[in-house]
Amino acid sequence: MSGWTGCESTAVLPFRPMLDPRVLADRRDEIASNCQRRGVTVDVDAAVAAHERVTVQQTALNDQNRARNEHQKSGRKQLSPEEREAHVAEGRRLKESVGEIEGQLADAQAELNRLMAAIPNFAHPDSPVGGEKDFRVLRTVGEPRRFDFAPLDHLAIAERLDLVDFESGAKVSGPKFYYLKNEAVLLDMALQRYALDIVTAEGFTPFITPDLARRDIVDAMAFSPRDAATQIYSVADSELDLIGTAEITLGGLYQDEIVDESELPIRLAGVSHCYRTEAGSAGRESKGLYRVHQFSKVEMFVLTRPEDSAAMHDEILAIEEKIFQGLEIPYRVIDIAIGDLGAPAYRKFDIEAWMPGRGENGDYGEVTSASNCTDFQARRLRARFRRAETRKNELLHTLNGTAVAVTRTLIPVLENHQDSDGSIAIPKALQPYMGLERIGPR
RNA sequence: GGAGAGGUGGCGGAGUCCGGUUGAACGUGCCUGACUCGAAAUCAGGUGAAGGCGCAAGCCUUCCGUGGGUUCGAAUCCCACCCUCUCCGCCA
């Protein structure tokens, strides 16, 4: 069903760098050390050199075009046959010369494009240095519950209450697919409605977005590298990908748009299905609902002025915490280390919920993620705003955060609220959406 | 899926048959100034984006759905593609 669709055309790509090429030379050392700390190998000097070549060719092309325009203007008046002939010959010469420079410019741009595509965003100075295990715990909220019986993990709970069918998921669609059944269906929808009501109250405009998006939009959002380790399913014989998150389709809304400063910040909430190949994660927490190929999610996406994005990042995180507090689930907030940031993220905070069935004696597991991507995605999207004071257009900052990722959230809900008789107490905040106070026992 | 119409600046809308002083008439919206105690109305001027050079003022280039082609020169001619709208059919 997935598979590449032969889109590796060699035509000149749209020039959409992730960083402003004009800062390449100025911040050369900073970029190089940032790449190094992120564990990305990039030839910054080659990129600087390529940018210089682009500039030189661009200037040459401008000059040549001007000469050509002047020549054309002079050809508008009446000319004798001999004059006309000479004029046409000179025009031909100029035309050839322009074509030659255009070719060189295209080559230089392709080279610059190629080199810049590998350069990730800058990182926040406070982000911990290191990799996946080097996160910093910002705070821990709520006490993990002490059970007076042996708690089950969500797999056992789901089986006992007949809530999830993994075997049929594997039979019909493959490993890491699943069917939700019975009250799990209600729980899925209740979680979405619950999260949606909270974010709507916080000023987010709700959307149900397409689940597929054009490849160029997916690339602009830089959701994952488009290589062998891609997280993205592509639809054969089309230019479409299945989205990994509504962040992609919500961001795409603003491609090539210039919004008025007075409209900012723009808060969007997208409900969508999310599809992930989970390439390279075989055997990693592969049991149950933690890592699956498809799930439903309510995602927050915000566009701000550059000076407002840091505060907005905190705001998004606070909403995520509010959602988990309402679900009565203990959690901790972590500041992701630089080496574990995706290419577009400048800084990332995750909420890890307490999952009693995880590991030997329970453990925290990621349930949400909030990223400030600064102008990285906006530059590729060409998403800008007009600043009232200067009347100039500037790149927006984009942020995204999980309101609720259903399957990941189902785990702590089931595991934390189980009782000794095998039933599940529905958190008060969720009851109005469920129409139930309890699942089971049975 | 069949038939037709069309894609031009913030918006509306000329120009395309007969290629050249058209970055683009005209209207409208918006900004500035004049008038006014203010406002409206009226008058005058201004008002797109991207990129290059420059300390700056500024100068220059590119862009009329997208990509090619013809030509000394294309919004205007040719080819392909994309999208939108209307009608018919089909369908959750």
Side-chain angles (χ1 to χ4, degrees), chain A residues 5-26 47-113 116 208 210-217 219-220 235 237-240 252-264 273 375 378-396:
Chain A
T5 56
C7 61
E8 308 309 314
S9 127
T10 51
V12 179
L13 298 163
F15 186 55
R16 297 209 291 197
M18 302 183 177
L19 293 179
D20 185 342
R22 284 171 293 194
V23 309
L24 265 177
D26 291 348
V48 171
H51 181 242
E52 256 164 50
R53 281 200 300 282
V54 167
T55 299
V56 167
Q57 295 298 337
Q58 181 70 254
T59 303
L61 181 61
N62 279 179
D63 290 345
Q64 205 60 22
N65 272 329
R66 187 181 45 226
R68 198 183 179 197
N69 286 340
E70 280 162 7
H71 175 258
Q72 280 162 210
K73 271 185 193 153
S74 71
R76 282 174 191 149
K77 57 189 175 219
Q78 287 287 6
L79 296 173
S80 69
E82 303 83 62
E83 284 172 327
R84 175 58 65 186
E85 196 178 321
H87 181 265
V88 167
E90 173 64 6
R92 272 208 191 94
R93 194 189 65 75
L94 284 167
K95 182 185 179 179
E96 271 173 34
S97 162
V98 165
E100 203 173 299
I101 295 169
E102 277 176 343
Q104 286 167 11
L105 175 61
D107 289 347
Q109 274 179 338
E111 173 73 356
L112 177 58
N113 223 7
M116 298 256 346
I208 292 179
D211 286 346
L212 291 85
R214 292 175 177 286
R215 193 145 303 140
D216 59 307
I217 301 277
D219 285 343
V235 178
D237 302 319
S238 84
E239 282 296 304
L240 293 172
L253 237 26
Y254 286 89
Q255 179 166 51
D256 288 313
E257 296 294 325
I258 301 171
V259 302
D260 201 87
E261 184 178 3
S262 63
E263 296 172 50
L264 298 173
H273 292 114
D375 61 10
R379 179 170 297 106
R380 311 194 79 206
L381 238 24
R382 295 177 299 272
R384 291 156 294 164
F385 75 101
R386 181 182 303 276
R387 192 180 284 281
E389 195 186 339
T390 60
R391 306 187 75 185
K392 295 273 187 203
N393 296 328
E394 294 179 38
L395 290 169
L396 290 157

Check: With distance as the sole test, does A:Arg68 use its side chain to make a donor-acceptor pair with the main-chain N or O of A:Lys95 at under 3.5 Å?
Finding: no
Notebook entry, point to check: In whole Å, what separates the C1' atom of B:C11 from that of B:C17?
Noted result: 28 Å
Next item on the list: Sticking with atom P, work out how far B:G45 lies from B:C26, rounded to a whole angstrom.
Entry: 12 Å
Next item on the list: List the steps, then state whether salt bridge (charged side-chain N to carboxylate O under 4.0 Å, His left out) holds for A:Arg93 with A:Glu96.
Entry: CA-CA 5 Å; A:Arg93 194 189 65 75; A:Glu96 271 173 34; over 6 Å; no
Margin query: Within this structure, what is the CD-CD distance for the pair A:Gln109 and A:Gln58, rounded to the nearest 0.5 Å?
Written below: 6.5 Å
Check: Whole-Å distance between B:C82 P and A:Leu240 CG?
Finding: 13 Å
Next item on the list: For B:G29 and B:U84, measure between their C1' atoms and round to the nearest Å.
Entry: 24 Å
Margin query: Using heavy-atom distances to pick each residue's nearest nucleotide on RNA chain B, tell me which of A:Arg386 and A:Arg68 is more 5'.
Written below: A:Arg386
Check: So does A:Asn69 reach the base of B:G73 with its side chain, donor to acceptor, closer than 3.5 Å?
Finding: no
Check: To the nearest Å, how far apart are A:Glu90 CD and B:U71 C1'?
Finding: 16 Å
Next item on the list: Can you tell me the distance, in whole Å, between the CG atom of A:Asp63 and the C1' atom of B:C60?
Entry: 8 Å
Check: For A:Lys95 and B:A74, what is the distance between atoms NZ and C1' respectively, to the nearest whole Å?
Finding: 12 Å
Checklist line | A:Met116 side, atom CE; A:Arg379 side, atom CZ - distance, nearest 0.5 Å | finding: 7.5 Å
Next item on the list: In whole angstrom, give me the gap between the C1' atoms of B:A74 and B:G68.
Entry: 14 Å
Margin query: What is the separation between atom CZ on A:Phe385 and atom P on B:A49, rounded to the nearest whole Å?
Written below: 14 Å
Note to self: On RNA chain B, does the nearest nucleotide to A:Asn65 precede the nearest nucleotide to A:Arg384 from the 5' side, or the other way round? Give the residue.
What the structure shows: A:Arg384
Notebook entry, point to check: For RNA chain B, what are the stems built from at least three Watson-Crick or G-U pairs in a row, each pair having both distances below 3.5 Å?
Noted result: B:1-7 with B:82-88, B:10-12 with B:26-28, B:29-34 with B:42-47, B:48-53 with B:58-63, B:65-69 with B:77-81
Notebook entry, point to check: Under 4.0 Å between a side-chain N or O of A:Asn393 and OP1 or OP2 of B:A49?
Noted result: yes
Item checked: A:Thr55, nearest nucleotide to its side chain (from B:A49, B:G52, B:C72) -> B:G52
Item checked: Whole-angstrom distance between B:C30 and B:U86, as gauged at atom P -> 30 Å
Checklist line | Test item: A:Arg215 side-chain N/O and A:Leu240 main-chain N/O as donor-acceptor pair under 3.5 Å | finding: yes
Checklist line | Rounded distance in Å - CD (A:Gln57) to P (B:U62) | finding: 17 Å
Next item on the list: For B:U22 versus B:C81, give the span between their C1' atoms, rounded off to a whole number of Å.
Entry: 28 Å
Notebook entry, point to check: Of all the choices, B:C53, B:C72, B:G51, which nucleotide is nearest to the side chain of A:Asn62 once you look at every atom?
Noted result: B:G51
Notebook entry, point to check: Salt bridge between A:Arg387 and A:Glu394, side-chain N to carboxylate O under 4.0 Å?
Noted result: yes
Notebook entry, point to check: Between CG of A:Asn393 and CD1 of A:Ile258, what distance do you get to the nearest 0.5 Å?
Noted result: 4.0 Å
Item checked: Phosphate-side-chain proximity, A:Arg66 and B:C60, N/O vs OP1/OP2 below 4.0 Å -> no
Check: Using atom P of each nucleotide, how far apart are B:U32 and B:A40 to the nearest Å?
Finding: 12 Å
Notebook entry, point to check: Please give, in whole Å, the distance from B:C31 C1' to A:Arg387 CZ?
Noted result: 19 Å
Next item on the list: Give the rounded distance in Å between these two atoms: CZ of A:Arg379 and P of B:G51.
Entry: 10 Å
Notebook entry, point to check: To the nearest 0.5 Å, how far apart are CD in A:Glu263 and CZ in A:Arg386?
Noted result: 11.5 Å
Item checked: Rounded distance in Å between the C1' positions of B:A75 and B:G23 -> 11 Å
